[in-house]
Amino acid sequence: MLDALLAEQEEPVWLWVASSWQDARQRYPNCSPDFVFSTPQCRPGGDQCPLLPILLLEHAPLEAPPGVQDWLARDSLNAEVLRRCLEYSRQRQSWQALIERDSLTGVVNRQAFQSQLHRRLQHNRGRGLLLGYLDLDNFKHANDSLGQRAGDQLIQQVVQRLEGVLTPQDCLARLGGDEFALLLDVSQSSARVEPTAQALMQALAEPYWVQGESLTLGCSLGLAYGRAGEDADRLLLHAHTAMQQAKHQDGCSYQLYDERISSQARRLADVESELRRALRRDELELHYQPRQDLVGGAIVGVEALIRWRHPQRGLLYPQDFIPLAEQSGLIVPLGYWVVDRALRDLRWLAERDLLLNLAINLSFSQFQDSQLLPTVRRLIENCGVEGRWLEFELTETAMMRRSDYVLDTMSSLGELGVRFSLDDFGTGFSSFVHLASLPISLLKLDRSFVSGMAVRPDQSRLVGAMIGLARNLGLEVVAEGVESEAELTLLQQFGCDQGQGYLISKALPLPELQRFLQGQPQRQEPLLSLSLG
């Protein structure tokens, strides 16, 4: 009867028949229906069928059945009733699309996807579901450089590529901006996971063509299996965690959620939270390692080294938390805390006639911060300390990256009197030709060269050559890791200017540093000017 009445409609309609929704999926795998008609006995569950069904009944019900698009009764069905039912269903689907669809791409939006994910997890207790969380790595740069219209076209092309790989049983959603969710049905075969993930990465890695420009985008895809008893928020968190792990790889890459890696990530997050509290609760402190003039024997400077006095774990050294601070972005406020505390400690020493240079390690992340120059200027002015007694230590990697920006920043800080030293020299890839163009005053020989120098003639000759070349460039040389009298003697013979290491002194808290300095010979020239007003 329905088939005959559909034939009377203005537009031709194909009616495909199946005994159940599962049967329909198997018999017509590439079918995307406009309407679904169902008898009560064959009615698909809300978590199975993408469309609410039009219910086929023998007689008109006393009240509208819940959870359906509309209903048709055999005893009152004719061509006009069917026409009105289809028109109403079209309008209802259009209204629903406005609520549930992303206006730019037409795929499901965040709110509708979360509801659908919840329903699908309820069905079969989440088994057979794989959730993907996709993020475009450098979309913001393309959007900013080409404009929002080009960015919209880029997003549309991404969706087209994703839909070209996914099947009709899968679900694609735009969560917002350049983030997408993919709900893959792997109930029939879990073996499709890896080929599908690889196909997605390959499709997205191909160059895009937008407004006459060829662009390449990186992307990161996190994958997580649905599990019994797991809610939608938890599964989304797992997929997002896997996506963050995929970001550590270059280009387009994917990562399957691993509980062990997630546990490690949670531990790192806990340490990050503790480090933020440590900054507020004054649990951080500075220790100072003296640097000795290898000619006159006087202590001429100190290097500020951060420590974390953890309430449960005791005294922590930089290797225990600085890498985490770099990853989380905390290195910038942490670096400013070090500069502020070190300058105040230097003033405290100067007021006790213990005058010396102060060296502070500066990370590349902090060096890139736009507030570095005004912040350092303000801290110097507040402490009343001349900038010429402040020295920033930078690594070779930091100086080699973005060289024009580095040189401009170093030049501006140099106008405040700040000096620069190259830390861990010899461990990177710089050349002496490059060094000659940098506004640095000192080279710090890495401890790996100094250690064992006294028993390895080849290493000793290398250190002597490095010191000689540095001196020819007009640079002072500071040797790190001096731990034996034999090493000290060789460094003095090679003309090394300063030494730093356990033979001279370990890093000391401020009160111990004061006692140490009071027992040492002092330089005759004044090293620090203070504004005490």
Side-chain angles (χ1 to χ4, degrees), residues 1-103 106-129 167-173 183 185 187 226 231-232:
M1 182 180 182
L2 183 63
D3 190 25
L5 292 175
L6 285 170
E8 299 179 24
Q9 301 299 309
E10 295 180 0
E11 298 179 2
V13 176
W14 287 96
L15 183 65
W16 293 354
V17 182
S19 60
S20 67
W21 180 248
Q22 289 84 354
D23 181 32
R25 287 174 54 187
Q26 294 175 0
R27 296 175 67 176
Y28 317 115
N30 298 317
C31 170
S32 180
D34 296 308
F35 304 99
V36 174
F37 300 93
S38 173
T39 62
Q41 295 79 8
C42 296
R43 177 176 170 180
D47 54 349
Q48 298 175 290
C49 181
L51 298 175
L52 292 176
I54 299 174
L55 205 58
L56 301 177
L57 304 171
E58 292 294 328
H59 307 285
L62 297 178
E63 54 185 46
V68 298
Q69 193 84 256
D70 201 354
W71 55 268
L72 295 170
R74 183 196 296 269
D75 57 9
S76 60
L77 182 57
N78 56 46
E80 178 60 20
V81 170
L82 179 59
R83 185 193 67 78
R84 282 184 286 148
C85 174
L86 296 182
E87 182 63 27
Y88 167 74
S89 296
R90 287 192 184 96
Q91 291 180 355
R92 183 170 177 178
Q93 290 179 17
S94 298
W95 299 334
Q96 198 69 22
L98 291 174
I99 300 173
E100 297 184 347
R101 297 281 167 173
D102 175 61
S103 59
V107 299
V108 175
N109 61 25
R110 175 187 289 272
Q111 291 77 14
F113 178 77
Q114 287 181 318
S115 298
Q116 188 173 144
L117 177 59
H118 176 74
R119 292 195 302 269
R120 296 283 293 274
L121 285 171
Q122 297 300 313
H123 176 68
N124 204 24
R125 304 183 67 189
R127 287 189 288 269
L129 284 182
T167 69
Q169 287 72 46
D170 301 326
C171 175
L172 172 64
L183 192 57
D185 187 334
S187 57
D231 60 19

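Being a predicted model, the structure only gives us computed values, none of them experimental.
Interatomic distance, CD of Gln116 versus CG of Leu121, reported as 10.5 Å (0.5 Å rounding). With rounding to the nearest 0.5 Å, the separation of CZ in Arg25 from CG in Asp185 is 4.5 Å. Separation of atoms CZ (Arg43) and CG (Leu55) is listed at 6.0 Å; rounding is to 0.5 Å. Here CG of Asp34 is found 8.0 Å from CG of Leu51. Values are rounded to the nearest 0.5 Å. The CD atom of Gln91 sits 11.5 Å away from atom CG of Leu86, with the distance rounded to the nearest 0.5 Å. Taken from CD in Glu100 to CZ in Phe113, the straight-line distance is 13.0 Å, to the nearest 0.5 Å.
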*Pair Leu52-Arg92, side-chain contact (heavy atoms from CB on, under 4.5 Å): steps then yes or no*: CA-CA 10 Å; Leu52 292 176; Arg92 183 170 177 178; 4.0 Å; yes
*Start with the C-alpha distance between Arg74 and Leu77, add both sets of side-chain angles, then the distance that settles side-chain contact (heavy atoms from CB on, under 4.5 Å), and finish with yes or no.*
CA-CA 5 Å; Arg74 183 196 296 269; Leu77 182 57; 5.6 Å; no
*asked:* Checking Gln9 against Leu82 for the side-chain contact (heavy atoms from CB on, under 4.5 Å) test, could you report, in this order, the C-alpha distance in whole Å, the side-chain angles of both residues, the deciding distance, and whether it holds?
replied: CA-CA 9 Å; Gln9 301 299 309; Leu82 179 59; 3.9 Å; yes
*Report the C-alpha separation of Cys171 and Val108 in whole Å, then their side-chain angles, then the decisive distance to 0.1 Å, and conclude whether the side-chain contact (heavy atoms from CB on, under 4.5 Å) test is met.*
CA-CA 8 Å; Cys171 175; Val108 175; 4.2 Å; yes
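Residues Pro44 and Ser38 meet the side-chain proximity criterion, which asks for heavy atoms closer than 4.5 Å. Two residues are said to be in side-chain contact when any heavy atoms from C-beta on lie closer than 4.5 Å; His118 and Asp231 fail this criterion. Between Val36 and Trp21, some side-chain heavy-atom pair lies under the 4.5 Å cut-off. Within the 4.5 Å cutoff, no side-chain heavy atoms of Val81 are placed close to those of Ser76. In this structure, the side chains of Ile54 and Val68 stay at 4.5 Å or more apart for every pair of heavy atoms. The closest side-chain heavy-atom distance from Asp75 to Glu58 is not below 4.5 Å.
By the side chain to side chain donor-acceptor pair (under 3.5 Å) test, Arg83 pairs with Glu80, sequence neighbours left out. When the salt bridge (charged side-chain N to carboxylate O under 4.0 Å, His left out) test is applied to Arg27, the partners found at least two apart in sequence or on another chain are Asp23. Under the rule for a side chain to side chain donor-acceptor pair (under 3.5 Å), Glu63 has no partner lying at least two apart in sequence or in another chain. Partners of Asp70 by salt bridge (charged side-chain N to carboxylate O under 4.0 Å, His left out), not counting sequence neighbours: none found. Scanning for side chain to side chain donor-acceptor pair (under 3.5 Å) contacts around Ser20 gives an empty result, with sequence neighbours left out.
Residue pairs that meet the ring-ring contact (aromatic ring centres under 6.0 Å, His included) test with at least one member in residues 24-43, sequence neighbours left out, are Trp16-Tyr28.
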